[in-house]
Protein chains: 4
Amino acid sequence: MGAVKTKRMPRAVREQQMLDAAVRIFGQRGYMAASMDEIAELAGVSKPLVYLYLNSKEDLFTACIRREAAALTEAVRAGVRPGLPADRQLWDGLRAFFAHTAEHPDAWSVLHLQARTHGEPFAGEVAAMRAEIVAFVTRLVAVAAREAHRDPDLPEHEVAGLSEALVGAAESLAAWANTTPGATARQAATTLMNFAWSGLGNLMRGQVWTPPMDEA
Amino acid sequence: MGAVKTKRMPRAVREQQMLDAAVRIFGQRGYMAASMDEIAELAGVSKPLVYLYLNSKEDLFTACIRREAAALTEAVRAGVRPGLPADRQLWDGLRAFFAHTAEHPDAWSVLHLQARTHGEPFAGEVAAMRAEIVAFVTRLVAVAAREAHRDPDLPEHEVAGLSEALVGAAESLAAWANTTPGATARQAATTLMNFAWSGLGNLMRGQVWTPPMDEA
Amino acid sequence: MGAVKTKRMPRAVREQQMLDAAVRIFGQRGYMAASMDEIAELAGVSKPLVYLYLNSKEDLFTACIRREAAALTEAVRAGVRPGLPADRQLWDGLRAFFAHTAEHPDAWSVLHLQARTHGEPFAGEVAAMRAEIVAFVTRLVAVAAREAHRDPDLPEHEVAGLSEALVGAAESLAAWANTTPGATARQAATTLMNFAWSGLGNLMRGQVWTPPMDEA
Amino acid sequence: MGAVKTKRMPRAVREQQMLDAAVRIFGQRGYMAASMDEIAELAGVSKPLVYLYLNSKEDLFTACIRREAAALTEAVRAGVRPGLPADRQLWDGLRAFFAHTAEHPDAWSVLHLQARTHGEPFAGEVAAMRAEIVAFVTRLVAVAAREAHRDPDLPEHEVAGLSEALVGAAESLAAWANTTPGATARQAATTLMNFAWSGLGNLMRGQVWTPPMDEA
DNA sequence: CATGAATGAGTTTTCATTCAT
DNA sequence: CATGAATGAAAACTCATTCAT
């Protein structure tokens, strides 16, 4: 079980093996319940070597988060072609996102659940990734506004809020798709487009829902 | 710090104090990092008393989840008046939800993060609450469909996904509103209505977003 | 379960109920594993009452030992009629012993296992009972010697050892009879008489087994 | 006190040191009253090392029982020469037995008292050793019967009972010799031979003690 | 007389982390 | 480079024992 015990691998390779093992264990057991012993064993190395390369449990977890965050944002970036219409870009991006999280459930568990559950400094690491994705969505919303011949002046504030909502919905759906038997990445993406884009589309056409007047 | 050390309380009162302390500690430290020592100290009692009344860390956590899940669903229920139009009910429900989670951030952390992060039997407890909320949303969708003179039959599966997305978006917005200067819970709710209801509204009118044809 | 909760019993009665419960729990769980909680519950009283009457776990255990030791020696005494020949007295005593220990297995566990396993002051209590039995055997040896017209003066030391061996053999046989299908308590007693009495009988007739000469 | 604190021993050596310490503590305090802390300290190592090598208190105790049971049976086996007459073999075996138990009183306490007092799985471990010794004695009784030109047909059942009684007597005497000042192993063996062999010898010559007729 | 409320002190066990080779 | 040996610190949980009513 675990990586075969091969001797004298170059350091970079060994590190990746350790991170592979760590992501799997952290994703399945959770940050606190994961033990360095188990990670070292799954990586096929001795515990002191893990410490030599990655310093501490905290640093190891941070390294996992960074690697997986980069992989996820890269996957989304690679799935989108900049020239296309905004809804197409959003659709492509969502599909890439759901596909990646479905293929790497442990990584997604690390990013979405574990990192957020265990406070700083981990939450900060994920926040950076999230900010990138929110920025990407924000750009898309701006593009969509332009395409709809609408004044760019959906207030910046409002755009940021919408992007947050969209990303939050996507995150939740990804976790749900991973744990719900029979739910595919494609279905998740479709559901979200129905939910979000059609709502955003209305906004773009100036159809705004307004709160009722008679409140306390 | 913590509850004032009052002696010889009746059991029911003490139990609530312990749950108060436990929710706070679990919400801030996380389930695993929370120590029974710290919870007992915050509750102003000795550890053995916590065990005498609540049995084990697992049982204590479960009791927290149950109490807070009941409080949250009750708050939402109390915020909604059944006779009103669907969008008004949704608006009221969301506001009650945002208000409650904002006032009880530790409880929300327990329900949303901690319980889901630490597997069974906790996830199951939250699933019950989630099912109630999904049922509420499902009823609203049915009401909205009737109001739009349409067939309400969205597949159960689809409704579950939408509900998941809605809660994810809400949670994201709540966090965003809490950390972004100048963003209020009310604005967050408005943004979410724009995002969600107009999307749902389109669905109700048969305006479904369709994926592009030219895919791999 | 346990004694029915009756109020306002006279102290002596309550004490016996407590001792009944304690013997049962100590016999089944062992001295250390027995908990005062469980004993109080089985006795149908509150824990502080146990402490009020019996002082401490140690005192409670000691009281158990004393009561059960007295009961056992009394049972043996009652089974024997002094005027009869020595072998008949031994046979009667053994049968009374086997019968009592079989009927009160928890008491026997307390006396034979628990008390000896947990050092002073308990071992001392049992030693007193053991001394009585040794005295009984010693008397029998004297009677047998008289019957055989011989000098009864086996050294005290030797008699103590013989008594020890006799009780050990009896206990072993009792356990063996209990777990071997087809072996009755009566047969066990017969075997023991064959084993022991005939050996003692030889001793009385001056037929002593002598160790070989050629030793290292 | 305890083993000198030598660092970096090979695992096999450390394990023996730990077992040495454990036998001593278990033998003196009893299984339940023994604390892993004390054992570790006496072994001259830290508690986690004990757990790393021996897993748990239960496993540690089991390892003690196995080691000491093997040592005891080996000592008896080594003390007996198969060709000699039965009484000589019995005498030699008993002397080896008493000598070993006298030299290793804690080990004998573990085997005779502690293991039997604390139920499964410990009792089972000792039962295996006991069965070996009973089998050895049973063989001897058969040999003795042949030597006495007696039909081999002392019923098998009877032989088994006699062996049980003999072993039980020996066990009890060993404990007694260990705790009685001035009682030597040699004297214990002599007493037991007088008690048992002469009885057995009578049996072998057909002199059977018969129970009285006038019973209830 | 009797008890519900409460705890100090101790138990087994685990884990991240570091030497010495 | 790599590891077997080792531990300080803390966690969950239990129990005999005592107040205050």
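Per chain, numbering begins at 1; letters A, B, ... match sequence-line order.
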Undergrad: Nearest whole Å is fine: how far is F/dA12 P from B/Leu60 CG?
TA: 10 Å
Undergrad: Taking all heavy atoms of B/Ala40 and all of B/Ser46, pick out the closest pair and write down the distance.
TA: CB-C, 4.0 Å
Undergrad: Taking CG from B/Asp37 and P from F/dA10, how many angstroms apart are they, rounded to a whole number?
TA: 11 Å
Undergrad: State which of F/dA2, E/dG4, E/dG8 makes the closest approach to the side chain of A/Ser46.
TA: F/dA2
Undergrad: Show your reasoning for whether side-chain contact (heavy atoms from CB on, under 4.5 Å) applies to C/Thr117 and C/Tyr31.
TA: CA-CA 9 Å; C/Thr117 303; C/Tyr31 174 59; over 6 Å; no
Undergrad: How many Å lie between CG on D/Leu52 and P on F/dT7, as a whole number?
TA: 11 Å
Undergrad: With a non-hydrogen cut-off below 4.0 angstrom, is B/Ala33 in contact with a base, only sugar-phosphate, or nothing?
TA: nothing
Undergrad: Please state how far atom CG in D/Asp59 lies from atom C1' in E/dT13, giving the value in whole angstrom units.
TA: 13 Å
Undergrad: Let me know the distance between CE of D/Met36 and P of E/dT14, rounded to the nearest Å.
TA: 10 Å
Undergrad: Map D/Met18 and C/Glu58 onto DNA chain F by nearest heavy atom, then report which one ends up closer to the 5' terminus.
TA: D/Met18
Undergrad: What is the distance, to the nearest angstrom, from the CZ atom on B/Arg29 to the P atom on F/dA12?
TA: 12 Å
Undergrad: To the nearest Å, give me how far apart CE (B/Met32) and P (F/dA11) are.
TA: 11 Å
Undergrad: Check C/Phe61 against C/Gln114 and note the closest heavy-atom contact, atom names and distance.
TA: CZ-CB, 3.7 Å
Undergrad: If E/dT18 has a Watson-Crick or G-U wobble mate with both distances under 3.5 Å, name it; if not, just say none.
TA: F/dA5
Undergrad: Within the pair C/Arg14 and E/dA2, is there a side-chain N or O less than 4.0 Å away from OP1 or OP2?
TA: yes
Undergrad: Taking CG from C/Asn55 and C1' from F/dT18, how many angstroms apart are they, rounded to a whole number?
TA: 13 Å
Undergrad: Considering only heavy atoms from C-beta outward, does the side chain of D/Asn55 approach that of D/Leu60 to under 4.5 Å?
TA: no
Undergrad: Closer to the 5' end of DNA chain E via nearest nucleotide, is it D/Ser56 or C/Leu49?
TA: C/Leu49
Undergrad: Considering only E/dA6, E/dC19, E/dA16, which nucleotide approaches the side chain of B/Met9 most closely?
TA: E/dA6
Undergrad: Name the closest nucleotide to the B/Arg8 side chain, picking from F/dC1, E/dT12, F/dC19.
TA: F/dC19
Undergrad: B/Tyr51 side chain N/O closer than 4.0 Å to the phosphate oxygens (OP1, OP2) of F/dC15?
TA: no
Undergrad: Picking from F/dA6, F/dG4, F/dA16, which would you name as closest to the side chain of D/Tyr53?
TA: F/dA6
Undergrad: Apply the test side-chain contact (heavy atoms from CB on, under 4.5 Å) to residues D/Met129 and D/Glu125: give CA-CA distance (whole Å), side-chain angles for both, the deciding distance (0.1 Å), then the verdict.
TA: CA-CA 7 Å; D/Met129 174 195 73; D/Glu125 293 290 334; over 6 Å; no
Undergrad: Counting only distance, no hydrogens or angles, is the base of E/dT17 paired donor-acceptor with the side chain of A/Lys47 under 3.5 Å?
TA: yes
Undergrad: The side chain of B/Pro48 is closest to which nucleotide in this list: E/dT7, F/dT17, E/dT12?
TA: E/dT7
Undergrad: Have a look at C/Ala40 and say if it touches a base, only the backbone sugar-phosphate, or nothing, with a 4.0 Å heavy-atom cut-off.
TA: nothing
Undergrad: Between A/Arg67 and A/Asp20 (salt bridge meaning N to carboxylate O under 4.0 Å), is one present in this structure?
TA: yes
